[in-house]
Amino acid sequence: MKLIWLGHASLRIETGNDVILVDPWLTANPMLEENQYAAATSGATHILVTHGHFDHTADVVQISKDTGAPVHGMIELAGFLHDIGAVEGNAYNMGGTIALGEAKATLVPASHSSSIRDGDTSRYMGSPAGYIFEAEGKTVYISGDTTIMADMEWIADFYKPTVGILSAGGYYTMPMSGAAYAAKRYFNFETVIPYHYRTFPALEQTADKLKEALPGIAVIEPQILEVIEL
């Protein structure tokens, strides 16, 4: 399984014959150059969304139309995106699991908010979410935008992920110190990859605090379009 960071909280996961995009944000993403857009989305077979905020959904409908990739996520959010033109995928709910080729994606809670602009109004888009992603014998926890939460205890106990992709930039989500606390308090990760950081000045710019706090765990700072083998 290959994990490729597209900047901010956007991910590309390649496994088997499938390419799964998670919250793909291209236009106005300050970490991704326009000449990198095609490489970011090429061959996409599925799109997962965690919540409605613009930095997670602004390009989803267009990418879905361009690639034919169905969009999957929380029932309110996925349903809305389908209604405005995204290829219809699964509009499901917490604890539900869907097949993405030979992989599986389960919706799990996140502690955040979720809304989307619809004309001049802001619409509620259901609960924000993270994902348990299972493929090639690996179980990966994709936290989505979240702070530390007690739900992490049962998520860790029930699914037993060994890889954590954790929002860690602070301000909008937990900071590096919070991600480190969550990793130590709740999980038994072998690998931790921070995301939702470095994008804006308000966010943390390095994962140094995370690395220092997690000796013995492989903390990988992702780089744009570079492959991380899981």
Worksheet entry | Side-chain cluster (under 4.5 Å, hydrophobic types only) that Y124 belongs to, other residues |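 Its cluster mates, by chain and number: none.
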Fill in: Other cluster members, F200 - Ile/Leu/Val/Met/Phe/Trp/Tyr, side-chain contacts below 4.5 Å
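Besides F200, the cluster holds W25, F54, Y171, Y172, L203.
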Discussion item. Using the salt bridge (Lys or Arg N to Asp or Glu O under 4.0 Å) criterion, which residues pair with E14? Sequence neighbours excluded.
Written reply: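 Partners of E14 by the salt bridge (Lys or Arg N to Asp or Glu O under 4.0 Å) criterion, ordered by chain and then number, come out as R12.
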Practice prompt. Sequence neighbours left out, what passes side-chain hydrogen bond (donor to acceptor under 3.5 Å, both in side chains) with R117? Give chain and number order.
Written response: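 With sequence neighbours excluded, R117 shows a side-chain hydrogen bond (donor to acceptor under 3.5 Å, both in side chains) to no residue whatsoever.
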Worksheet item: Who pairs with T67 by side-chain hydrogen bond (donor to acceptor under 3.5 Å, both in side chains), at least two apart in sequence or on another chain?
Response: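 Listed in chain order: nothing, the list is empty.
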Item to complete: Can you tell me which residue pairs pass the side-chain hydrogen bond (donor to acceptor under 3.5 Å, both in side chains) test with a partner in residues 69-86, sequence neighbours excluded?
Response: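 Those involving residues 69-86 are H46-H72, H72-N90.
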Discussion item. For residues 147-158, which residue pairs pass the side-chain hydrogen bond (donor to acceptor under 3.5 Å, both in side chains) check, not counting sequence neighbours?
Written reply: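 Sorted pair list: D151-W154.
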Fill in: Contacts of N188 that satisfy side chain to side chain contact (heavy atoms under 4.5 Å, CB included) - sequence neighbours left out
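Scan of N188 (side chain to side chain contact (heavy atoms under 4.5 Å, CB included), adjacent residues dropped) gives none.
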Discussion item. So does H196 get a backbone contact from the side chain of S167, meaning a donor-acceptor N/O pair under 3.5 Å?
Written reply: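 Not at all, since once roles are kept as given, no pair shorter than 3.5 Å links the two residues.
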Hey, can you pull the donor-acceptor pairs under 3.5 Å for the side chains in residues 35-44, sequence neighbours left out?
unit_1	atom_1	unit_2	atom_2	d
Q36	OE1	E33	N	2.8
Y37	OH	L26	O	3.2
T41	OG1	Y37	O	3.2

Discussion item. Under the salt bridge (Lys or Arg N to Asp or Glu O under 4.0 Å) definition, can you give me all pairs with a residue in residues 50-73, not counting sequence neighbours?
Written reply: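 Checked against salt bridge (Lys or Arg N to Asp or Glu O under 4.0 Å) - neighbours excluded - no pair reaches residues 50-73.
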Side-chain donor-acceptor distances from residues 221-228 under 3.5 Å, at least two apart:
unit_1	atom_1	unit_2	atom_2	d
E221	OE1	Y197	OH	2.7
E221	OE1	A207	N	3.4
E221	OE2	A207	N	3.4
E221	OE2	K211	NZ	3.4

Discussion item. Just to verify, what does F189 make a ring-ring contact (aromatic ring centres under 6.0 Å, His included) with, not counting sequence neighbours?
Written reply: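 With sequence neighbours excluded, F189 shows a ring-ring contact (aromatic ring centres under 6.0 Å, His included) to F187, given in chain and number order.
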